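Worksheet: the structure to be examined is printed underneath.
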Amino acid sequence: MAKPIPRIGSRRNGRIGSVRVRVEYQRELFMFKQVFNNTIVTVTDVRGRVVSWSSAGTCGFRGTRRGTPFAAQTAAGNAIRTVVDQGMQRAEVMIKGHGLGRDAALRAIRRSGILLSFVRDVTPMPHNGCRPPKKRRV
């Protein structure tokens with residue numbers, strides 16, 4: 001009986017043997033996680049697998065400059081650049097968190113020429129939340 005040929009990589013990551021297969025994505029999800037000190041941009045396909053990601057820290061911003069709108073715009077531009085080369089045409093945007101870079105990152109996507117089907121705010125909201133600290137006695 002013949003031995004099976006071992007596969008190198010898989011079709012999922014687009015690599016079969018030594019040949020790189022180009023995977024074209026028509027629709028993507030942009031997820032922005034905006035905190036006060038950083039902005040993380042993740043681009044996934046419809047199934048939720050990460051295609052590209054970028055953050056203000058990976059773009060070279062350090063310290064307090066990571067939370068600025070310009071850093072968020074640069075991070076979004078880096079994530080967009082890699083996905084547009086793969087043939088992305090339309091996207092859905094989900095924004096989580098509160099901070100200065102939310103609008104700037106969204107503006108960077110609009111400026112890139114990608115069609116946005118919807119923009120959704122998925123910031124977690126507490127339903128009554130944690131118990132407050134006890135009252136101060138002076």
Side-chain angles (χ1 to χ4, degrees):
M1 189 168 140
K3 288 185 179 179
I5 300 169
R7 275 179 48 189
I8 302 168
S10 67
R11 290 190 191 282
R12 188 168 153 199
N13 63 10
R15 192 168 174 81
I16 302 167
S18 61
V19 180
R20 179 82 176 158
V21 178
R22 187 167 178 229
V23 182
E24 289 204 4
Y25 297 100
Q26 304 299 316
R27 219 174 89 216
E28 305 286 330
L29 269 112
F30 275 93
M31 299 189 189
F32 291 105
K33 185 181 176 194
Q34 172 68 41
V35 289
F36 287 115
N37 297 325
N38 204 356
T39 304
I40 301 168
V41 182
T42 310
V43 185
T44 65
D45 60 359
V46 183
R47 287 181 166 182
R49 296 181 300 205
V50 175
V51 177
S52 172
W53 71 276
S54 181
S55 71
T58 58
C59 293
F61 294 96
R62 290 283 172 251
T64 55
R65 292 177 52 203
R66 285 192 306 185
T68 60
F70 179 68
Q73 182 178 342
T74 310
N78 273 6
I80 290 167
R81 200 173 304 121
T82 57
V83 205
V84 167
D85 295 341
Q86 295 176 356
M88 188 181 73
Q89 293 157 355
R90 58 184 67 230
E92 303 166 358
V93 179
M94 299 166 102
I95 302 174
K96 181 188 278 191
H98 43 275
L100 299 170
R102 291 166 46 123
D103 300 330
L106 190 59
R107 247 181 268 124
I109 291 182
R110 285 232 169 99
R111 210 175 296 134
S112 69
I114 297 170
L115 296 171
L116 298 180
S117 51
F118 68 81
V119 179
R120 183 182 295 166
D121 188 8
V122 291
T123 306
M125 297 294 287
H127 298 289
N128 214 6
C130 301
R131 181 176 174 163
K134 64 182 181 181
K135 194 157 184 165
R136 188 166 170 254
R137 290 189 290 242
V138 180

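As the structure is a prediction and not an experimental result, all values here were calculated from the model. If you read the sequence from its start, that first residue is 1, and numbering goes on from there.
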Review point. Would V43 end up clustered with L106 when hydrophobic side chains under 4.5 Å apart are linked, directly or stepwise?
Key: yes
Check your understanding: For L115, which of R90, Q89, M88 qualifies under side chain to side chain contact (heavy atoms under 4.5 Å, CB included)?
Key -> R90
Practice item. Consider only side-chain heavy atoms of I, L, V, M, F, W and Y, link residues closer than 4.5 Å, and tell whether M31 and I40 are in one cluster. Key: no
Check your understanding: Are V84 and F32 grouped together when hydrophobic residues (ILVMFWY) are joined by side-chain heavy atoms under 4.5 angstrom apart?
Key -> yes
Review point. Taking atom CD1 of I114 and atom CZ of F30, what is their separation to the nearest 0.5 Å?
Key: 4.5 Å
Pairs under 3.5 angstrom only: tabulate donor-acceptor contacts from the side chains of residues 94-103 to other protein residues two or more places apart or in another chain.
residue	atom	partner	partner atom	Å
R102	NH1	G97	O	2.5

Exercise for review: Working to the nearest 0.5 Å, report the span between CD of Q86 and OG of S52.
Suggested key: 7.5 Å
Revision key, fill the gap. Closest heavy-atom pair, N38 versus G57, reported as atoms and distance to 0.1 Å, is OD1-N, 3.7 Å
Practice item. Could you walk me through whether R111 and Q73 pass side chain to side chain contact (heavy atoms under 4.5 Å, CB included), step by step? Key: CA-CA 11 Å; R111 210 175 296 134; Q73 182 178 342; 3.1 Å; yes
Practice item. Rounded to the nearest 0.5 Å, what's the gap from NZ on K33 to OG on S55? Could you check? Key: 11.0 Å
Revision key, fill the gap. Shortest non-hydrogen pair, A105 vs A72, comes out as CB-O, 4.0 Å
Exercise for review: Give the minimum heavy-atom separation between A79 and T82, together with the two atoms involved.
Suggested key: O-OG1, 3.0 Å
**Study point:** Backbone of R49 reached by a side-chain donor or acceptor of T44 within 3.5 Å
**Key:** no
Revision key, fill the gap. For V83 and V51 the tightest heavy-atom approach is CG1-CG1, 4.4 Å
Check your understanding: Where do A71 and A56 come nearest, in terms of heavy atoms and distance?
Key -> CB-CB, 3.8 Å
Point to revise | Joint hydrophobic cluster, F61 plus W53, side-chain heavy atoms closer than 4.5 Å | key: no
Review point. For Q34 and G67, which heavy atoms make the closest approach, and how far apart are they?
Key: NE2-O, 4.5 Å
Review point. Under a 4.5 Å side-chain heavy-atom rule over Ile, Leu, Val, Met, Phe, Trp and Tyr, are F36 and V41 clustered together?
Key: no
